[in-house]
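Everything below concerns the one structure shown next.
In the text below, chain A, chain B and the rest are named by the order of the sequence lines, each starting its count at 1.
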2 protein chains.
Amino acid sequence: MFMDNSACKRVDKNQIEKLTIPPPETITRMSAIFQALQSSARLNILFLLKDRDMCVCELSEALEASQSAISHNLRVLRQLDLVRVRKEGRFAVYYIADEHVRLLIEMCRQHIIEEYR
Amino acid sequence: MFMDNSACKRVDKNQIEKLTIPPPETITRMSAIFQALQSSARLNILFLLKDRDMCVCELSEALEASQSAISHNLRVLRQLDLVRVRKEGRFAVYYIADEHVRLLIEMCRQHIIEEYR
DNA sequence: CATATATATGAAGGATTGATCATATGTTCA
DNA sequence: TGAACATATGATCAATCCTTCATATATATG
């Protein structure tokens, strides 16, 4: 019943010391990106932007969400460089930052699709 | 100052109706997967498993985390089929579920790496 | 069989998150 | 210039998440 925190029998200390994980900064950054992608609202935004650059009010219309909510969510995505903005007059037109973002999302969808076969 | 929720001038109702996003089930599922990947602890686990199948106590050792925490985190990953288990005697040996999971993580890391160039 | 080892899991509590509300900033146009 | 339009953002609060603690289950071994 009592459990100290000594190594289990399967552990090979030497081998374990050889294992490398990315530096904390990388893990933190990845964590933040996945954290951003974890929201349904933000995923929907990304799926729309995947097909066409859109301004805030278009996204707001298309997703039937408040301007404020969309704007807050776009900021999260923007701060992680998942989307970018350009100004067109009074409109802020958002678009997917790069190919990695598309692939990231596509890879996740693939994983799900394959589950149901 | 006053804002009703009517369409902005950039919106083309016809075009917006043509836009398609994945069904809610897919979005929910993707959301859950990204939610699982959003934890530093779980990302570290996945990076270790990427190189070698490992049991709970090995992971616990390698990451200097409690058995309970590791176990809880593995359950989250398992329930989303991001990792799988096989029993080896009294050990539960965990491994990455499939290639998509590897690519998903790799794609995210790539995105970060490219930012710093 | 009894004990040590390995893992799983429910409950609880503090920390974190996200939508909403209110308001500020910036742009266009009459 | 002033009014309407488009977007951004701070504050707040309910909901959610993650770790720890306590304990249960399952296997191995003497």
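Between the CD1 atom of B/Ile45 and the P atom of C/dT7 there is a distance of 12 Å, rounded to whole Å. Across the protein-nucleic acid pair, A/Gln79 atom CD and C/dG18 atom P stand 12 Å apart, rounded to whole Å. Put simply, CE on A/Met54 is 15 Å from C1' on D/dA6, counting in whole angstrom units. If you take CZ of B/Arg78 and C1' of C/dT9, they are 10 Å apart, rounded to a whole angstrom. As rounded to whole Å, 11 Å separates atom P of D/dT9 from atom CG of A/Leu74. Distance, A/Leu77 CG to C/dG18 P: 11 Å, rounded to whole Å.
Direction change of the helix axis from one end of the helix from C/dC1-D/dG30 to C/dA30-D/dT1 to the other is 20°, with five pairs defining each end axis (rounded to 10°).
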- prompt: In the 5'-to-3' direction, what one-character label does each nucleotide of nucleotides 10-22 of chain D receive under the scheme B = base within less than 4.0 Å of a protein heavy atom, S = sugar-phosphate only, - = no such atom?
  reply: B------SSSBBB

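Under the 3.5 Å distance criterion, the side-chain polar atoms of A/Arg109 are left unmatched by any main-chain donor or acceptor of B/Met30. A/Ser31 places no side-chain N or O within donor-acceptor distance of the main-chain N or O of B/Ser39, the cut-off being under 3.5 Å. Judged by distance alone, the side chain of B/Gln79 and the main-chain N or O of B/Val76 form no donor-acceptor pair under 3.5 Å.
In terms of hydrophobic clustering, with Ile, Leu, Val, Met, Phe, Trp and Tyr side chains grouped at heavy-atom distances under 4.5 Å, A/Ile45 and B/Ile27 are assigned to a common cluster.
Here A/Arg75 pairs with nothing under the side chain to side chain donor-acceptor pair (under 3.5 Å) rule; sequence neighbours left out. Judged as a side chain to side chain donor-acceptor pair (under 3.5 Å), and not counting sequence neighbours, the contacts of B/Asp98 are A/His111. Residues satisfying the side chain to side chain donor-acceptor pair (under 3.5 Å) criterion with B/Asp51, sequence neighbours excluded, are absent altogether.
Shown for residues 84-94 of chain B: residues whose heavy atoms fall under 4.0 angstrom of DNA chain D, namely B/Gly89, B/Arg90.
Smallest separation of non-hydrogen atoms from B/Ser60 and B/Ile70: CA-CG1, 3.9 Å. Residue B/Arg78 comes nearest to B/Tyr94 through the heavy atom pair NH1-OH, 2.8 Å, listed as atom of the first residue, atom of the second, then distance. Among all heavy-atom pairs drawn from A/Leu82 and A/Ala36, the shortest one is CD1-CB, 4.1 Å.
Applying the side-chain contact (heavy atoms from CB on, under 4.5 Å) test between B/Val93 and each of B/Met54, B/Arg84, B/Arg86 identifies B/Arg86 as the sole match.
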